[in-house]
Number of protein chains: 2
Amino acid sequence: MQETSKVAPAAAAHDSNGAPAFSPLYQQIKALLTRSLQGGEWVPGQVIPSEKELALRFRVSQGTVRKAIDEMAGDKLLVRRQGKGTFVASHAEASTRYRFLRLTADDGSAPALQRQLLECRRMRASADVVRQLALKPGDPAVQVRRLLLTAQGQPVVLDDLWLPGVLFKGLSAERLLAWEGPLYRLFEVGYSVSMVRAEEKLRAVAASVEEAALLNLPVGAPLLCVERLSLTHGDKPVELRRGLYHTRHHHYRNELS
Amino acid sequence: MQETSKVAPAAAAHDSNGAPAFSPLYQQIKALLTRSLQGGEWVPGQVIPSEKELALRFRVSQGTVRKAIDEMAGDKLLVRRQGKGTFVASHAEASTRYRFLRLTADDGSAPALQRQLLECRRMRASADVVRQLALKPGDPAVQVRRLLLTAQGQPVVLDDLWLPGVLFKGLSAERLLAWEGPLYRLFEVGYSVSMVRAEEKLRAVAASVEEAALLNLPVGAPLLCVERLSLTHGDKPVELRRGLYHTRHHHYRNELS
DNA sequence: GAGTGGTCTAGACCACACT
DNA sequence: GTGTGGTCTAGACCACTCC
């Protein structure tokens with residue numbers, strides 16, 4: 001890092017590591033900030049240094065830091081709060097809790113579902129899980145199965161999760177049962193894994209005998225199958241999830257633009 | 001509009017229409033630009049004036065215009081092209097064609113479906129259509145029914161559309177059959193209706209006798225039901241659409257963040 | 001009042017597209 | 001070359017939060 005001289009313009013290398021970096025300055029700042037998030041220098045929910053301080057640290061103008069943070073806020077990696085500072089996004093706060101769950105009651109209200117853990121076991125990852133989670137063949141995986149039910153006890157969602165065993169070492173049924181709050185918050189605080197974004201594939205399927213029994217539905221009932229691959233920083237896949245949604249009184253909402 | 005004196009800071013009224021406007025300047029600029037889009041001053045695909053010219057017109061700095069345009073580009077109302085100018089978004093270009101269609105073949109390729117028009121008729125809008133399209137009771141509506149099929153002729157989607165009859169005066173089966181290209185592009189050029197954003201509700205349903213016959217499936221087969229409300233400027237609803245997707249070889253993709 | 005993010009400005013220069 | 005959007009800077013002031 002240059003210490004005294006003026007920073008070179010946009011197209012010039014600005015890193016100290018010698019790697020050519022022909023990208024806008026604010027993109028380089030963004031990369032540096034992302035690296036700090038990835039490395040755990042700042043953890044979810046924590047304030048990051050002020051724009052002025054970051055501008056001094058990186059020897060760029062505050063406007064350049066602003067632009068980097070603006071984009072990261074757009075990616076929901078950071079959250080700006082006027083007068084307070086900029087915070088690392090987390091799945092803990094009310095506004096971002098369950099932000100990946102698009103299930104909505106048909107009257108538009110939030111679902112407010114209770115959880116029922118069915119299974120949590122460690123296993124060798126299947127070929128499909130190995131592929132989607134980019135594991136090595138033979139790597140361990142944690143499988144979790146659970147139900148989400150209405151307050152009246154009607155099952156709505158049957159969820160199956162697969163997690164890389166290496167990342168989620170202490171995860172167990174006891175740990176899951178003891179945890180109150182969003183699962184993704186547990187992953188943040190217990191395993192230092194932040195879910196940053198996700199890709200979903202939706203299909204309509206017919207309920208199998210087992211699925212029908214668990215969801216208290218006739219065999220063959222139409223179910224919305226939501227297959228989700230959750231990614232952390234650097235687009236690294238860290239969770240595969242298959243949810244079967246009973247959409248008689250709920251639906252999956254989506255906004256297009 | 002003030003002509004000579006310096007523009008007042010952010011929290012002051014900047015409009016000439018006397019309405020109090022305690023919002024940032026760039027938001028006011030955004031509103032003015034949106035009004036021009038809405039009023040048809042610039043049509044989809046056309047260049048809008050340069051940032052410098054808009055800055056002169058509105059008597060603000062170029063940076064303020066930039067911020068307004070940045071947000072509108074984020075909303076996909078405008079498209080910036082370096083060296084060329086800023087353009088009104090349209091559903092014509094390859095990059096934005098079918099941008100509301102989330103259907104994907106399971107191998108990840110684009111679906112490339114052919115259309116088969118089944119019906120196009122004018123009718124009195126039903127109660128549900130009246131409500132969702134915010135019509136007046138008794139208002140006319142246009143209903144369109146069509147199939148989307150693979151190149152091999154396998155039906156994949158059964159689409160039902162309802163449009164406000166007042167806006168889509170000349171729309172007919174002949175007009176639809178003569179049109180090549182995206183439907184939403186026809187709406188832009190033929191009826192001056194730009195689809196700006198949409199809200200979708202997804203469910204899994206069982207195929208009815210009629211639906212099964214049209215989609216060449218057994219009765220009761222699970223189908224992905226996608227109910228879409230498309231909105232134009234000012235969040236005015238202008239299309240209600242119900243698609244039934246056969247998801248044996250296709251799926252609905254979604255990105256979460 | 002001090003510190004934070006948010007807005008606005010003015011000006012310089014770069015990257016890109018057309019001619 | 002000219003005009004467009006894209007980047008970067010420096011500085012002023014505003015709005016919000018907390019002490």
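Here is the naming used below: chain letters follow the sequence lines, and residue numbers restart at 1 for every chain. Quick caveat: nothing in here was measured; it's all calculated off a predicted structure.
Salt bridge B/R197/B/D75: absent, no basic N to carboxylate O contact under 4.0 Å. Ion pair A/R253/B/E199 not flagged as a salt bridge, since none of the NZ, NE, NH1 or NH2 atoms sits closer than 4.0 Å to an Asp/Glu carboxylate oxygen.
Separation of the B/F187 and B/F168 ring centroids falls under the 6.0 Å cut-off. When ring centroids are compared, A/H91 and A/F100 come within the 6.0 Å threshold.
The closest side-chain donor-acceptor pair between B/H250 and B/D106, if any, does not fall under 3.5 angstrom. In this model, no donor atom of one side chain and acceptor atom of the other lie less than 3.5 Å apart for B/E93 and B/S95.
An OP1 or OP2 oxygen of D/dG5 is reached within less than 4.0 angstrom by no side-chain nitrogen or oxygen of B/R81. Applying the 4.0 Å criterion to OP1 and OP2 of C/dT7, one finds that B/T64 has every side-chain N and O outside that range. Residue A/S61 places none of its side-chain N or O atoms closer than 4.0 Å to OP1 or OP2 of D/dA10.
Between A/G63 and B/E53, it is B/E53 whose nearest contact on DNA chain D lies nearer the 5' terminus.
Between B/Y184 atom OH and B/T96 atom OG1 the span is 13.5 Å, to the nearest 0.5 Å.
To the nearest angstrom, P of C/dG11 lies 12 Å from NZ of B/K52. If you measure from atom CZ of A/R66 to atom P of D/dT7, you get 16 Å, rounded to the nearest angstrom. Between B/E51 atom CD and C/dA10 atom C1' the separation is 15 Å, expressed in whole Å. Following rounding to the nearest Å, A/D70 (CG) and C/dC8 (P) show an atom-to-atom distance of 14 Å. When rounded to the nearest whole Å, the span between CG of B/L56 and C1' of D/dG3 equals 14 Å. When rounded to the nearest whole Å, the span between CD of A/E71 and P of D/dG6 equals 12 Å. Rounded to whole angstrom, the span from the CD atom of A/Q62 across to the C1' atom of D/dC8 amounts to 13 Å. Atom C1' of nucleotide C/dC14 and atom CG of A/L25 are separated by 12 Å, given to the nearest angstrom.
Side-chain proximity of B/T86 to the nucleotides C/dT7, C/dC8, D/dG5 is greatest for D/dG5. Each of C/dT9, C/dT7, D/dG6 was ranked by its minimum atom distance to the side chain of B/P24; first place goes to C/dT7.
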Let me have DNA chain D in dot-bracket notation, would you? Count Watson-Crick plus G-U wobble pairs, both distances under 3.5 Å, and use [ ] for pairs crossing earlier ones and | for inter-strand partners.
||||||||||||||||||.
Short heteroatom pairs, N/O only, protein and nucleotides 17-19 of chain C, under 3.5 Å:
none

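Taking B/E41 as the reference, B/R57 meet the salt bridge (charged side-chain N to carboxylate O under 4.0 Å, His left out) condition, with sequence neighbours excluded.
When each of B/L202, B/V226, B/N254 is tested with B/R102 by the rule side chain to side chain contact (heavy atoms under 4.5 Å, CB included), just one qualifies, namely B/N254.
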